[in-house]
K.L.:
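Pasting in a structure now, in structure tokens, and then I'll have a few things to ask.
Here the structure is a predicted model, which is why all the values come from computation and not from measurement.
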Amino acid sequence: MKRISFFLLCVLLFTESFAQVQSPAQFLGYNLGEKFTPHWRIVEYFRHVAAGAPSLVKLEQYGTTYEGRPLMVAYVSSSNNISGLENIRTNNLRLAASLDNNRGSLQNAPAVVWLSYNVHGNEASSSEVSMQTIYELVNPSNQQSKQWLQNTVVIIDPCLNPDGRDRYVSWFNSVVGKQYNPSM
């Protein structure tokens with residue numbers, strides 16, 4: 001009886017944590033593609049997702065741009081893989097023969113997928129897509145993602161070039177009118 005109660009409590013807590021994760025449209029107040037999102041809002045969204053699904057998402061800041069914007073990656077996977085990220089990293093180094101002390105093992109090693117967005121400042125839609133991607137990976141109703149994340153660690157860098165992106169977004173917002181111009 002205690003095990004069943006504990007299991008139900010875990011399921012409830014697991015479901016509750018996802019109920020707090022909003023889609024990008026809910027969080028931003030507009031549908032992706034209706035306007036460009038500034039970098040600080042993209043960072044806020046990634047933090048929102050990480051706070052709402054801490055067992056599936058780990059954020060890490062790896063630097064700061066010349067203009068002071070954070071550079072970050074999000075690790076997305078199953079809770080088992082997220083809790084064992086350091087072991088997965090070490091095993092991958094061994095598999096790549098970067099660590100001489102041991103050879104790595106392919107057995108039970110998850111695939112690592114790295115998704116980088118917005119390397120050029122005027123690739124404005126790519127960081128928008130990064131928000132939808134992380135949402136779909138943690139969305140509890142997306143059964144396919146749940147299956148993938150059992151054997152995969154997805155690393156998402158939502159914006160490689162935040163300074164260039166914000167420069168473009170700022171310019172675009174200063175010249176856009178009420179009527180969309182598809183040639184801009």
K.L.:
Only pairs at least two apart or in different chains count here, so list each salt bridge (charged side-chain N to carboxylate O under 4.0 Å, His left out) that has a residue in residues 66-77.
P.N.:
Glu67-Arg69, Glu67-Arg167, Arg69-Asp163, Arg69-Asp166

K.L.:
Val112: which other cluster members, linking ILVMFWY side chains closer than 4.5 Å, directly or transitively?
P.N.:
Tyr62, Leu71, Val73, Tyr75, Ile82, Leu85, Ile88, Trp114, Val119, Val153, Ile155, Leu160

K.L.:
Identify the heavy atoms of Pro158 and Ser127 that sit nearest to each other, and give their distance.
P.N.:
O-OG, 2.7 Å

K.L.:
Is a side-chain donor or acceptor of Ser77 paired with a backbone partner of Thr152 at a separation under 3.5 angstrom?
P.N.:
yes

K.L.:
Same cluster or not: Trp40 versus Val43, using hydrophobic residues (I, L, V, M, F, W, Y) connected whenever any side-chain heavy atoms lie under 4.5 Å apart?
P.N.:
no

K.L.:
How would you list, by chain and number, every residue that makes a ring pair (Phe, Tyr, Trp, His ring centres under 6.0 Å) with Tyr45, sequence neighbours excluded?
P.N.:
Phe27, His48

K.L.:
Please enumerate all residues that pass side-chain hydrogen bond (donor to acceptor under 3.5 Å, both in side chains) together with Ser174, with sequence neighbours excluded.
P.N.:
none

K.L.:
Got a second to check how far Gln144's CD is from Asn139's CG, nearest 0.5 Å?
P.N.:
13.0 Å

K.L.:
Does the side chain to side chain contact (heavy atoms under 4.5 Å, CB included) test come out yes or no for Val57 and Phe46, once each step is laid out?
P.N.:
CA-CA 9 Å; Val57 179; Phe46 270 72; over 6 Å; no

K.L.:
Do His39 and Pro70 come close enough that some side-chain heavy atom pair is under 4.5 Å?
P.N.:
yes

K.L.:
Salt-bridge test for Arg89 and Glu86: reply yes if a basic N is under 4.0 Å from a carboxylate O, no otherwise.
P.N.:
yes

K.L.:
Is Val129 linked to Met72 within one hydrophobic cluster, defined over Ile, Leu, Val, Met, Phe, Trp and Tyr using a side-chain heavy-atom separation of less than 4.5 Å?
P.N.:
yes

K.L.:
Taking only residues at least two apart or on different chains, which pairs with a member in residues 107-123 satisfy salt bridge (charged side-chain N to carboxylate O under 4.0 Å, His left out)?
P.N.:
none

K.L.:
Could Arg165 and Glu128 be called an ion pair, given the rule that one side-chain N must be under 4.0 Å from one carboxylate O?
P.N.:
yes

K.L.:
So does Glu136 get a backbone contact from the side chain of Ser145, meaning a donor-acceptor N/O pair under 3.5 Å?
P.N.:
yes

K.L.:
Would you indicate whether the side-chain heavy atoms of Val154 and Thr133 approach each other to under 4.5 Å?
P.N.:
no

K.L.:
Name all residues meeting the side-chain hydrogen bond (donor to acceptor under 3.5 Å, both in side chains) criterion together with Ser78; count only those two or more places apart in sequence or in a different chain, and write none if there are none.
P.N.:
Asn81

K.L.:
Could you check whether any side-chain heavy atom of Tyr117 comes within less than 4.5 Å of a side-chain heavy atom of Ile156, counting everything from C-beta outward?
P.N.:
yes

K.L.:
How close do Asn161 and Gly121 get, counting heavy atoms only, and between which atoms?
P.N.:
ND2-N, 3.5 Å

K.L.:
Report yes if some heavy atom in the side chain of Thr90 is under 4.5 Å from a heavy atom in the side chain of Asn87; otherwise report no.
P.N.:
no

K.L.:
If I take atom CG from residue Leu115 and atom OG from residue Ser126, how far apart are they, to the nearest 0.5 angstrom?
P.N.:
11.5 Å

K.L.:
Side-chain contact test, heavy atoms from C-beta onward, threshold under 4.5 Å: evaluate it for Met131 versus Tyr135 and give yes or no.
P.N.:
no

